[in-house]
Amino acid sequence: MMIMGMESSPDPPFNETYKNFFNNNNIGRSTKSAYDLFEVDECELPLIDLNKLNMGEMEREECKKEIEKASREWGFFQVVNHGISREILEKMRFEQVKMFKRPFQEKIKDNNLNFLAGSYRWGTPSATCLTQLSWSEAFHVPLDIISGLQGGPSNSNSNTLSSIMEKCATTMSELAHKLAEILAEKMGHKSSFFRETCLPTTCYLRMNRYPPCPISPQVFGLMPHTDSDFITVLHQDEIGGLQLVKDAKWISVKPNPDALIINIGDLFQAWSNGTYKSVKHRVVTNMLKERFSIAFFMCPSYDTVVQSCVGPAIYRSFSFREYRDQVQDDVKKFGHKIGLPRFLV
Ligand SMILES: C=C1C[C@]23C[C@@]1(O)CC[C@H]2[C@@]12CC[C@H](O)[C@@](C)(C(=O)O1)[C@H]2[C@@H]3C(=O)O
Ligand SMILES: O=C(O)CCC(=O)C(=O)O
Ligand SMILES: [Fe+2]
């Protein structure tokens, strides 16, 4: 196989840093074939119109049932009329692109990025082979950092970014809470648990950029994983590349510019005793085009104990701190996350 693109020096410097992963033998033997990554069916995720929640009792109930069904059967769905205006999403994308376009040296240097200091990630520091590498960069920002800096002594550029990030995070957070309450209600719980435990101090907004990857289509943009939260709200651009497991097969998600993607995370699967599914997903790279997405992660405080809301529990109860520590240990030790199976009774 010919390896292209080794001559350029892209930002971030994946080629140089991970060059040992890119020899022919490595690519040929240790990963699945390109066919497995690309020749997957494209699907339309269940599409739910949240406007129905503002209509009569019948429409409202129908909408709640659709949310419950999609969370049980897919663990993933799309929503339209979700309450986050196109204007907010477009402005967010514009500022996000601008932030990623800063030179690599500026992105890694804490003091040049004001409030985003320390939130920049790229590649996979723990990777020991190609299958563990994520060909992407991200700013992973706790919500309280965003709002805490509003009106602060930062420059006008970071003020524009922090103000749009705050709008985006607040509205995505409201949406995540609304959906969590519906899903809790469907399990027979009128629960304030999520509002009490998932506060801005513990939730994250993550801006992702997937640069074009000229090395091989077998390099992941984001390696297969489940999310370690209750619920994720995702906005992706028109490029495509997100894939998820459905009925033991990988399928790719067709981008819908009007929709947000919702997925159930590990904590909701544990809380619902396996009723709602935290489904494995990944992002595949594109040889020519860069891709952007933004994700809101609804997480509780580290001390929050997650336990099944019905019995007999299939997972033992655990604190979010315990869960995160275990995930990090496993990533360090095995190069990937093990997640909920570790906590089976
Ligand atoms: C190496 C890993 C860290 C990660 C889980 C994974 O096995 C693969 C993707 C990573 C990711 C990306 C999105 C989220 O930030 C995250 C919390 C998640 O759920 O998957 C992280 C994981 C992590 O840091 O725990
Ligand atoms: O970029 C995407 O489409 C998915 C991102 C994702 O899975 C994540 O950030 O956890
Ligand atoms: Fe994810």
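In this chain, numbering begins with 1 at the start of the sequence shown. This one's a predicted model, so the numbers in the text were calculated from it and none came from an experiment. Just follow the structure's listing: the first ligand is 1, and inside any ligand the first atom is 1.
- Side-chain atoms of His281 come within 3.5 Å of backbone N or O of His225 as a donor-acceptor pair.
- Of all the heavy atoms of Asp227, the ones lying under 4.0 Å from any atom of ligand 2 belong exclusively to the side chain.
- A salt bridge links Glu66 with Lys52: the distance from a Lys NZ or Arg NE/NH1/NH2 to an Asp or Glu carboxylate oxygen falls below 4.0 Å.
- Taking the six-membered ring for Trp, Trp271 and His189 have ring centres closer than 6.0 Å.
- Against a heavy-atom cut-off of under 4.0 Å, Ser293 is close to the following atoms of ligand 2: 1 (O), 2 (C).
- Each of the atoms 8 (C), 9 (O), 10 (O) of ligand 2 lies under 4.0 Å from some heavy atom of Phe297.
- Annotation for ligand 2: atoms under 4.0 Å from non-hydrogen atoms of Val283 are 1 (O), 2 (C), 3 (O), 4 (C).
- Within ligand 2, the atoms closer than 4.0 Å to a non-hydrogen atom of Tyr210 are 1 (O), 2 (C), 4 (C), 5 (C), numbered from 1 in the order shown.
- Taking a 4.0 Å cut-off on heavy atoms, His281 registers as neighbouring ligand 2.
- Of all the atoms in ligand 2, the ones that sit under 4.0 Å from a non-hydrogen atom of Arg206 are 9 (O).
- For Phe100 and Phe139, the ring centers are positioned less than 6.0 Å apart.
- In terms of heavy-atom proximity, Cys299 sits nearest to Asp229 at SG-CB, 3.7 Å.
- The angle subtended at the Fe ion (ligand 3) by OD1 of Asp227 and NE2 of His225 is 90°, given to the nearest 10°.
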(Q) As a quick check of understanding, evaluate salt bridge (Lys or Arg N to Asp or Glu O under 4.0 Å) for Asp11 and Lys107, giving each step before the final call. (A) CA-CA 10 Å; Asp11 168 2; Lys107 286 183 284 193; 3.4 Å; yes

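- Per-residue contacts place His225 under 4.0 angstrom from the following atoms of ligand 2 (heavy atoms of the residue considered): 6 (C), 7 (O), 8 (C), 10 (O).
- The aromatic ring centroids of Tyr18 and Phe21 lie less than 6.0 Å from each other.
- If you look at Leu234 next to ligand 2, the close heavy atoms, those under 4.0 Å, all belong to the side chain.
- Checked against the 6.0 Å centroid threshold, Tyr204 and Phe296 do not count as a close aromatic pair.
- Residue-ligand proximity: Arg282 is placed with every non-hydrogen atom at 4.0 Å or more from ligand 2.
- Residue Arg291 places at least one N or O, backbone or side chain, under 3.5 Å from an N or O of ligand 2.
- Classified by interplanar angle (parallel below 30°, tilted 30° to 60°, perpendicular above 60°), the ring pair Trp135/Phe14 is parallel.
- Counting the atoms of ligand 2 from 1 in the order shown, those under 4.0 Å from a heavy atom of Leu222 are 5 (C), 6 (C), 7 (O), 8 (C), 9 (O).
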